[in-house]
2 protein chains.
Amino acid sequence: MTLLRDERLTAEELVVWRMLQRAQVRIARHLEAELLVAHDLPLASYDVLSQLAEAPERRLRMNDLAGRVLLSRSGLTRLIDRLQRDGLVNREACESDARGLFAVLTDAGVARLAEATPTYLRGVRAHFLDALGPDEIGQVRELVARLTGATGAP
Amino acid sequence: MTLLRDERLTAEELVVWRMLQRAQVRIARHLEAELLVAHDLPLASYDVLSQLAEAPERRLRMNDLAGRVLLSRSGLTRLIDRLQRDGLVNREACESDARGLFAVLTDAGVARLAEATPTYLRGVRAHFLDALGPDEIGQVRELVARLTGATGAP
DNA sequence: ACTGTTTAGGTGTGCGTGCAACAAACTAAG
DNA sequence: CTTAGTTTGTTGCACGCACACCTAAACAGT
């Protein structure tokens, strides 16, 4: 009977997981669509730009950056290629390690990020946060902290 | 000063959103990897199979199915192509509407789903639920219900 | 120094997806 | 019945990603 209870519990939890997954995908799509029409900037690019903006000296090693934006190294290579082509990011060599490269946010990149950020924040607020009470945000963050701690790095 | 508080709140909320996003992506990847190595079944395929299994008569119109698995119609067309090639799903015409097609789960599809489901459930449990207390699951579900209600269909 | 191992980043290739355009079938108005 | 408009599913195309492999540089032990 504990077996039965466990299975019923699993079915219940399963629904939660699926809902969360669907909600996440939907929100991300709304966000990407809005960023795309308003600033011609994919969500992944926005992520990279904002990660760089928060980093010291606006620069990050390719590998570190790939980890932060949850992208494969090869995927990041191409993404940085595009951003560099658009003048938003530059590659700069690392002095202490000749095989290292920094992705550096350019002034144009800063400007573009600043331009897109209101859209991004408005989107997050509209699609995600306005559905939550302020206290629930704390709960979610705590919850997610456990998630990230429990899963570890892939 | 209210302005200041709002901005700080936004920064706080932003962190939550990002963490949730990252956690979601990571968990989905773990799940997909496990399904792939154990049953050679991508996560999207598993989603389709389980949606069909839950549907009456194990069949769903392409359009409906596309909506449920959060895929574009064209994307679903190709995915069903693959599943049909593997014998897990069949296409059947709709009598009342000659331009409609049903995706129908085959017996092999049922078997494959049954085979993969333990892996899936174990994965969800390991990566998602074990990090949560049982009461938090209720909170999350309630929360996600608001999210899906607030965003509506894309 | 010298050879084997590890790490950083980039390239070739294949896969899966969405968008736009399309053909077929339903629907509605005349 | 005819014609215009809508809906359903598929196809051409391009894009973005990951995997496997490759080169160059750093590091380790002898």
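If you're wondering where the values come from, they're calculated on a predicted model, not measured in any experiment. Labels below follow one simple rule: chain letters A, B, ... track the order of the sequence lines, proteins then strands, and each chain is numbered from 1.
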Could you give me the CA-CA distance, side-chain angles and deciding distance for B/Asp64 and B/Arg59, then say whether salt bridge (Lys or Arg N to Asp or Glu O under 4.0 Å) is met?
CA-CA 10 Å; B/Asp64 297 358; B/Arg59 71 184 53 213; over 6 Å; no
Figure out the CZ/P separation between A/Arg73 and D/dA20, and round it to whole Å.
12 Å
With a 3.5 Å cut-off and heavy atoms only, can you find an N or O donor on one side and an acceptor on the other between the side chain of B/Ser74 and the base of C/dG18?
yes
Could you state the CG-P distance from A/Asp47 to D/dC17, rounded to the nearest angstrom?
11 Å
Would you say B/Arg112's side chain and B/His39's backbone share a donor-acceptor pair under 3.5 angstrom?
yes
With nearest nucleotide decided by heavy atoms, which residue, B/Leu101 or A/Arg82, maps closer to the 5′ end of DNA chain D?
B/Leu101
Rounded to the nearest 0.5 Å, what separates atom CE in A/Met62 from atom CG in A/Leu71?
9.5 Å
Base C/dG9 paired with A/Arg78 side chain (donor-acceptor, <3.5 Å):
no
Output yes when a side-chain donor or acceptor of A/Ser50 lies under 3.5 Å from a complementary backbone atom of A/Tyr46, and no otherwise.
yes
Can you check the B/Leu65 CG to D/dT10 P distance for me, whole Å?
11 Å
Do the side-chain N or O atoms of A/Arg29 get closer than 4.0 angstrom to the phosphate oxygens (OP1, OP2) of C/dG18?
yes
May I ask you to evaluate whether B/Arg61 reaches the phosphate of D/dT7, defined as a side-chain N or O under 4.0 Å from OP1 or OP2?
no
What is the distance, to the nearest angstrom, from the CZ atom on A/Arg91 to the P atom on C/dG9?
10 Å
Taking CG from B/Asp97 and P from C/dT27, how many angstroms apart are they, rounded to a whole number?
7 Å
Taken to the nearest whole Å, CE/B/Met62 to C1'/D/dT11 is 13 Å
Test your reading of the model: is there a side-chain donor-acceptor pair from A/Arg29 to the backbone of B/Leu70, 3.5 Å cut-off?
yes
Walking DNA chain D from its 5' end, the first of B/Thr77 and A/Leu79 to be reached, judged by nearest nucleotide, is B/Thr77
Within this structure, what is the CG-to-P distance between A/Leu71 and D/dC17, rounded to whole angstrom?
5 Å
Taking CG from B/Leu41 and C1' from C/dG16, how many angstroms apart are they, rounded to a whole number?
15 Å
